[in-house]
There are 2 protein chains.
Amino acid sequence: MIYDPKYENKLRESGLRPTKQRIKICEVLFNSTETFHFTIKDLVKIIENQANIKVSLATVYNTVHAFNKKGYLKEIPINSSQSYYDTNISHHHHFFDEDENKLIDIDQNDVDEVMIKKTIPGKKIKSIEVIAKIVTDN
Amino acid sequence: MIYDPKYENKLRESGLRPTKQRIKICEVLFNSTETFHFTIKDLVKIIENQANIKVSLATVYNTVHAFNKKGYLKEIPINSSQSYYDTNISHHHHFFDEDENKLIDIDQNDVDEVMIKKTIPGKKIKSIEVIAKIVTDN
DNA sequence: AAATACATTAAAATCATTCTAATCTGTTGA
DNA sequence: TCAACAGATTAGAATGATTTTAATGTATTT
Ligand SMILES: [Mn+2]
Ligand SMILES: [Mn+2]
Ligand SMILES: [Zn+2]
Ligand SMILES: [Zn+2]
């Protein structure tokens with residue numbers, strides 16, 4: 001089997017071997033020009049729809065976790081029973097539509113850079129996320 | 001039984017009757033001058049420690065949900081299997097210490113107001129939260 | 001090709017949260 | 001005051017996302 005070297009690199013750099021299940025996950029996550037937000041359940045559904053190949057839940061979790069740890073995916077902090085991930089790893093922020101339970105990107109340009117004056121001794125800031133909850137206006 | 005009218009009001013305004021279990025929960029949540037962050041598990045532990053009275057998990061969830069809905073508590077968006085709540089309902093933001101799994105307040109004064117230029121038709125912003133993840137610096 | 005290390009999988013375990021349904025208590029109005 | 005009712009409490013069951021297990025399969029190394 002010939003692997004798209006882009007995916008092979010992403011996988012190896014994430015500490016994973018390029019297997020056909022993982023290549024399939026990569027195709028779903030990284031093939032499109034548009035980035036998107038997803039839950040594990042969403043991802044499994046997409047794979048099943050496109051699927052000639054079966055991927056177990058355990059493999060999906062394991063692969064998404066490795067990509068998240070490596071920084072090829074970003075987990076978005078949301079109050080939900082499910083984790084939400086983003087294939088857009090550039091610095092940006094989010095609306096969370098509470099009616100639809102959907103994330104919407106806010107460009108970095110659409111928010112002034114968040115400057116935090118307070119510091120915690122011995123700690124460094126790893127990430128800053130802005131989450132704006134939105135609801136139907138009426 | 002004589003209720004502290006402060007708690008009786010909070011409860012009634014949240015649509016709940018003032019029972020001794022709920023008064024106890026109020027004492028833990030609202031008695032101290034210091035605000036604090038907690039998970040349901042934390043809260044149950046505090047109640048058990050101070051406890052002459054037994055409160056079921058179902059009642060704790062039910063009461064916390066009612067206070068959150070009414071705005072007497074705030075749920076903080078965090079990637080965690082547990083929900084984190086805040087007794088500080090004033091507008092402020094948070095560090096999340098990933099080593100300790102603890103929230104730390106950031107005063108409104110310590111962050112410039114977050115202005116979002118983007119709008120979504122038919123939707124209004126309900127809340128804006130800034131979460132800065134911090135880790136040991138070395 | 002054989003040996004090894006790592007991956008896949010179905011199924012079980014875990015654990016926070018929600019639900020159920022039996023029992024109990026605060027509230028109200030006769 | 002006190003019966004009747006609405007709502008509250010509770011233990012335990014159910015749910016559902018996530019993690020773990022352990023048997024089997026596959027990529028990689030030698
Ligand atoms: Mn997670
Ligand atoms: Mn919740
Ligand atoms: Zn995004
Ligand atoms: Zn706080």
Side-chain angles (χ1 to χ4, degrees), chain A residues 1-5 7-26 28 37-45 47-48 51-70 73 75-85 101, chain B residues 1-5 7-26 28 37-45 47-48 51-70 73 75-85 101:
Chain A
M1 188 181 316
I2 307 295
Y3 302 131
D4 182 329
Y7 300 147
E8 177 159 6
N9 289 343
K10 270 204 159 75
L11 286 165
R12 291 210 186 281
E13 283 167 20
S14 304
L16 302 174
R17 287 180 183 166
T19 63
K20 63 178 184 303
Q21 290 85 349
R22 285 170 173 168
I23 296 285
K24 180 69 197 172
I25 293 170
C26 285
V28 171
H37 306 108
F38 65 94
T39 64
I40 296 292
K41 208 168 127 195
D42 294 336
L43 181 51
V44 167
K45 204 173 301 174
I47 292 169
E48 276 171 359
N52 20 13
I53 167 185
K54 170 141 206 333
V55 183
S56 73
L57 243 196
T59 295
V60 174
Y61 273 102
N62 144 337
T63 306
V64 166
H65 286 165
F67 285 148
N68 182 52
K69 183 171 178 191
K70 181 65 184 180
L73 289 175
E75 188 177 0
I76 308 300
I78 283 293
N79 290 322
S80 166
S81 54
Q82 299 166 75
S83 292
Y84 280 73
Y85 295 91
N101 274 71
Chain B
M1 187 180 315
I2 307 296
Y3 301 132
D4 183 329
Y7 300 148
E8 177 160 4
N9 288 343
K10 271 204 159 76
L11 287 165
R12 291 208 187 280
E13 283 167 19
S14 304
L16 301 174
R17 287 181 182 167
T19 63
K20 62 180 187 303
Q21 290 86 351
R22 285 170 172 166
I23 295 285
K24 179 69 196 173
I25 293 171
C26 284
V28 171
H37 307 107
F38 66 94
T39 63
I40 296 291
K41 208 168 127 194
D42 295 335
L43 181 52
V44 167
K45 205 173 300 173
I47 292 169
E48 277 171 359
N52 20 13
I53 166 185
K54 169 140 208 332
V55 183
S56 73
L57 242 196
T59 295
V60 174
Y61 273 102
N62 144 337
T63 306
V64 166
H65 285 167
F67 284 149
N68 182 52
K69 185 171 179 192
K70 181 65 184 179
L73 290 175
E75 188 177 0
I76 308 300
I78 284 293
N79 291 321
S80 167
S81 54
Q82 299 166 74
S83 292
Y84 280 72
Y85 294 92
N101 275 72

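These numbers were taken from a predicted model, which means no experiment stands behind them. Letters A, B, ... mirror the listed sequences (proteins, then strands); counts begin at 1.
Of all heavy-atom pairs spanning B:Gln82 and B:Lys41, the tightest one is OE1-CB, 3.9 Å.
The side chain of B:Arg12 contributes an N or O atom lying less than 4.0 Å from OP1 or OP2 of C:dT27. At C:dT17, one or more side-chain N or O atoms of B:Ser83 fall inside 4.0 Å of OP1 or OP2 (strictly under the cut-off). Applying the 4.0 Å criterion to OP1 and OP2 of D:dT18, one finds that A:His65 has every side-chain N and O outside that range. Between A:Tyr61 and D:dT19, a side-chain N or O to OP1/OP2 separation shorter than 4.0 Å is absent.
Projected onto DNA chain D by closest heavy-atom contact, A:Lys41 and B:Gly15 fall at different nucleotides, the more 5' of which corresponds to B:Gly15.
The shortest distance between side-chain heavy atoms of A:Val44 and A:Val55 does not fall below 4.5 Å.
Looking only at distances, no side-chain donor or acceptor of A:Asn68 sits under 3.5 Å from a matching main-chain atom of A:His65. Panel note: side chain A:Ser14, backbone A:Leu16; no donor-acceptor pair is recorded below 3.5 Å.
Nucleotide D:dT18 holds its C1' atom 14 Å from the CG atom of B:Asn79, rounded to whole Å. Here C:dA16 presents its C1' atom at 12 Å from CD of B:Glu75, a figure rounded to the nearest Å. B:Leu11 has its CG atom 13 Å from the P atom of C:dG26, to the nearest Å. With rounding to whole Å, B:Phe38 atom CZ is found 15 Å from C:dA16 atom C1'. Following rounding to the nearest Å, B:Ile23 (CD1) and D:dA8 (P) show an atom-to-atom distance of 13 Å. The distance between atom OH of A:Tyr85 and atom C1' of D:dA17, rounded to the nearest whole Å, is 11 Å.
Comparing the local axis fitted to the first five base pairs of the helix from C:dA1-D:dT30 to C:dA30-D:dT1 with the one fitted to its last five gives a bend of 20°, rounded to 10°.
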Q | Base versus backbone protein contacts along nucleotides 9-16 of chain D [heavy-atom cut-off under 4.0 Å; B, S, -] | A | SBB-----
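Every residue two or more places apart in sequence or in another chain that forms a ring-ring contact (aromatic ring centres under 6.0 Å, His included) with A:Phe38 is listed here: A:Phe36, A:Tyr85.
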Q | Worked check of side-chain contact (heavy atoms from CB on, under 4.5 Å) between B:Arg22 and B:Asn62 | A | CA-CA 10 Å; B:Arg22 285 170 172 166; B:Asn62 144 337; 3.0 Å; yes
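Considering B:Thr39, B:Ile40, B:Asp42 as possible partners of B:Tyr84, the one that fulfils the side-chain contact (heavy atoms from CB on, under 4.5 Å) test is B:Thr39.
To the nearest 0.5 Å, atoms CD1 (A:Ile78) and CG (A:Asn101) are separated by 8.5 Å. Going from atom CD1 of B:Ile25 over to atom OG1 of B:Thr19 covers 7.5 Å, rounded to the nearest 0.5 Å.
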